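Each ligand, and each atom within it, is numbered from 1 in the order the structure gives. These figures come from a predicted structure and were not determined experimentally.
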Amino acid sequence: MKLLSKLLLLALLVALPTSTLVAANTPKDKTDKEIMRKVDALMKKMTLREKIGQLIQLRPSEGDITGPDGEQLKVEDFIREGCCGSLLSVASPDEIMRFQRLAVDSSRLGIPLLFGHDVIHGCRIIFPENLGVSASWDVEAAERLARVSAEEAAAFGIAWTFSPMCDVSADPRWGRVSEGSGEDPYLGAAMARAMVRGYQGDDLSDPNTILACVKHFAAYGAPQGGRDYNTVDMSERMFRDRYLPPYRAAIDEGAATVMTSFNDFNAIPATGNKWLMRTVLRDELGFDGFVVTDYNAMHEMVAHGVAADGKEAAAMAFDAHVNMDMVDCDYLMYGEELVRERRVSEKTIDELCRAVLVAKFRLGLFDDPYRYGGDRYETAMYKSENLKIARDVARKSMVLLRNENDLLPLDGNERMALIGPFGDSGSEMLGSWSAFGEGDRSITFLEGLQERFGSENVAYTEGCKPLEQIEGGIDAAVAAANGADVVLLALGLPNKCSGEAASMTSIELPQPQLELLDAVAATGKPVAILLVTGRPMDITDEVGKVDAVLVTWHAGTMAGAALADVVSGDFNPSGRLTMTFPYDIGQVPIHYSMKRTGRPMPSPDARAKYLSRYLFTPNEPLYCFGYGLSYTTFDYSDLKVLTPEVKIGEPVRVSVKVTNSGKRDGDEVVQLYLHDKVASTTRPVRELKGFRKVALKAGESKVVEFTIQPEDMAFCRADMEFAQEPGDFDVWIGHDSNAPLHGGFTVKQDIRK
Ligand code: NOJ
């Protein structure tokens with residue numbers, strides 16, 4: 001390009017302060033063009049305040065809101081004034097209808113409200129917490145979960161869910177790991193895509209589809225010390241290689257909205273972080289929907305210490321092109337003033353507002369503001385076909401970690417004692433953020449087991465509460481164990497130890513449960529722990545005391561039925577861990593995909609001191625990423641690299657033979673890992689770059705072929721470009737992230753380029 005034209009282009013770009021936003025509102029097709037025309041026409045009628053009003057999301061249950069002049073205003077007042085674009089967490093379908101009627105009938109322009117809610121692992125029917133869903137390694141199951149959630153949410157009146165959570169995390173101290181898909185970006189990306197597809201379908205105007213929201217942008221899963229809301233400070237390279245992929249995948253899949261994260265990112269809070277919100281999100285990822293802050297996150301920039309007051313916080317968020325202000329009202333209080341003072345252009349407000357209106361049009365809310373909710377609520381909840389899906393997802397999510405002497409499955413002739421605080425609790429099956437889940441509609445473990453094995457064969461005693469002893473609890477538990485052939489011990493962490501604001505420095509079982517476990521184990525009866533948890537736990541000292549450990553997660557509405565399927569062997573467990581179970585809390589953050597370091601372990605001299613190791617603790621976890629047992633066994637052989645030499649830009653094909661070498665049919669999660677041997681930056685020891693869930697009959701073998709795409713080999717190089725490099729790669733295929741079966745290939749520079 002000639003210098004003059006380059007300069008002209010540069011001048012043009014500089015003259016377009018809102019270029020990223022203009023791109024955000026580009027019509028996708030004919031219908032969309034029509035929508036844009038309608039939005040333009042509507043916006044011509046809107047006052048500046050009404051436009052800012054579309055950028056406001058309020059929560060009715062938070063009570064009154066203090067206006068700029070100290071006056072106490074109700075949500076209803078804002079709606080009447082046309083100063084509210086969205087409501088979150090409205091408690092019932094009737095309330096949703098009431099608010100919508102108010103907006104449509106009583107505000108000047110009758111613009112419908114957009115109702116948002118955290119429908120993250122189900123609406124009424126609750127599925128396992130998301131970490132559990134990821135352990136199914138079944139992307140279609142995740143998509144089905146999202147579709148059922150969308151169907152129920154839409155019938156409730158909700159047109160927007162704050163899901164999927166795409167935060168990669170390797171820190172089980174952080175309670176919110178329960179809401180994500182674990183430690184791996186590749187698997188996280190696949191799950192994120194599936195959920196966006198499930199929520200949004202192909203057509204947002206379908207009344208059973210809802211807007212997805214990619215959250216929390218960005219890197220919320222890496223708070224220092226695993227403490228929620230804490231500082232995130234990481235290299236741009238680390239961010240691009242490990243944390244960005246799931247967000248990118250969800251946006252690529254067409255997610256309509258994005259939520260900012262609470263944390264600061266390299267010293268600038270995400271909500272006011274122009275680099276994150278404009279350079280990365282809009283310009284690089286091409287996000288063309290609208291961005292909402294997390295709860296109060298705009299005003300929290302004052303507490304972060306980057307804004308002196310709400311007005312400065314609003315100015316920063318406007319500048320970062322954040323569209324919607326969740327609950328704190330700084331946009332409403334200071335937006336007009338900022339425009340008058342020319343600190344924010346009216347054009348910016350227009351473009352921010354346009355994106356919100358476009359979403360409402362795409363949902364069909366202007367054609368029929370009542371299309372979400374209404375009469376269909378009565379028939380849409382707890383549909384039997386959807387309960388079946390929830391049962392299937394729940395059993396697929398369960399991970400068998402230990403099974404000495406093939407204790408499981410039970411053949412049904414045993415007398416069983418179900419013991420523990422999670423044995424007969426419906427509400428504890430729901431996990432955190434369980435939307436409109438109802439504990440009394442959950443099938444408890446006891447109910448599920450009694451239904452499957454007969455109530456006379458399953459005795460139950462609580463033993464202790466999740467966090468407290470109960471008088472006589474241990475004696476009753478020991479008596480129950482002594483009277484049984486086998487004990488199922490339902491232990492773990494309660495809902496309140498999962499999710500937001502649930503960080504913990506110890507991830508061991510609480511003391512009363514440890515005492516219960518010791519007493520029951522001392523009876524000498526065979527014991528299987530059913531581990532109810534939303535995070536990896538430190539169970540190193542406990543596993544040796546029992547014969548079996550099955551991680552059930554908080555498995556949702558169908559928990560008990562799903563458990564009975566697994567315990568009875570009607571369903572052969574196929575879940576695999578998506579977060580490492582550490583050997584010791586002192587190892588965290590821990591994940592399988594660490595770097596080698598200059599003094600790697602394992603080393604030929606395992607006793608050498610000056611290596612990257614702990615003095616008294618192994619580097620290895622208790623259970624690694626990808627791990628999980630089945631009631632059958634799988635053998636791997638014949639790893640073939642079908643393309644041992646490729647050029648940059650070409651895919652690599654690898655195959656392996658997998659054999660079900662046991663006596664039962666089962667599903668195996670075949671996992672492929674890569675390692676780039678020498679690169680311009682240090683590379684992880686292994687990275688998941690392919691997986692396939694394969695059903696194999698007893699004795700059956702299948703050849704599974706993988707195609708590794710060029711982008712799967714790309715990374716943030718020393719020159720900061722996200723691209724491939726030539727060189728040699730290791731490839732492993734097998735059962736988990738320690739898979740030993742190995743091959744190699746070479747990627748050559750394409751000399752024509
Ligand atoms: C705060 C949480 O961080 C976010 O995930 C959620 O969507 C919002 N609150 C709204 O409830």
Any atoms of ligand 1 less than 4.0 Å from a non-hydrogen atom of [X]? List them with their elements.
| X | value |
| --- | --- |
| Leu88 | 10 (C), 11 (O) |
| Arg176 | 2 (C), 3 (O), 4 (C), 5 (O) |
| Phe162 | 7 (O) |

Tell me the contacting part of [X] for ligand 1: side chain, backbone, both, or neither, using a 4.0 Å heavy-atom threshold, strictly below.
| X | answer |
| --- | --- |
| Met259 | side chain |
| Trp433 | side chain |
| Lys215 | side chain |

Side-chain ion pair, [X] and [Y], N-O less than 4.0 Å:
| X | Y | value |
| --- | --- | --- |
| Glu284 | Arg240 | yes |
| Arg124 | Glu152 | no |
| Asp118 | Lys215 | yes |

Considering only the protein, which heavy-atom contact is closest to atom 8 (C) of ligand 1, and what is its distance?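 For atom 8 (C) of ligand 1, the nearest protein heavy atom is Asp294 OD1, 3.3 Å.
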Protein contact of atom 5 (O) of ligand 1 - nearest heavy atom, named by residue and atom, plus distance: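 Looking only at protein heavy atoms, the one closest to atom 5 (O) of ligand 1 is His216 NE2, 2.6 Å.
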Could you check whether atom CE of Met234 has more than 12 heavy atoms from other residues, nucleotides or ligands sitting under 6.0 Å from it?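 Correct, the count exceeds 12.
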Around Arg376, counting heavy atoms of other residues, nucleotides and ligands shown, do more than 12 lie under 6.0 Å from its CZ?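 Yes.
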Do any heavy atoms of His117 fall under 4.0 Å from ligand 1?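 The answer is no: ligand 1 sits nowhere under 4.0 Å from a heavy atom of His117.
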Run down the list Asp118, Thr260, Val327 and name the one with the heavy atom closest to atom 10 (C) of ligand 1.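 Heavy atom nearest to atom 10 (C) of ligand 1 belongs to Asp118.
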Glu312: salt bridge (Lys or Arg N to Asp or Glu O under 4.0 Å) partners, not counting sequence neighbours: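 Result, salt bridge (Lys or Arg N to Asp or Glu O under 4.0 Å) vs Glu312: none returned.
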Quick one: does Phe156's side chain get under 4.5 Å of His117's, heavy atoms only?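 They are not in side-chain contact.
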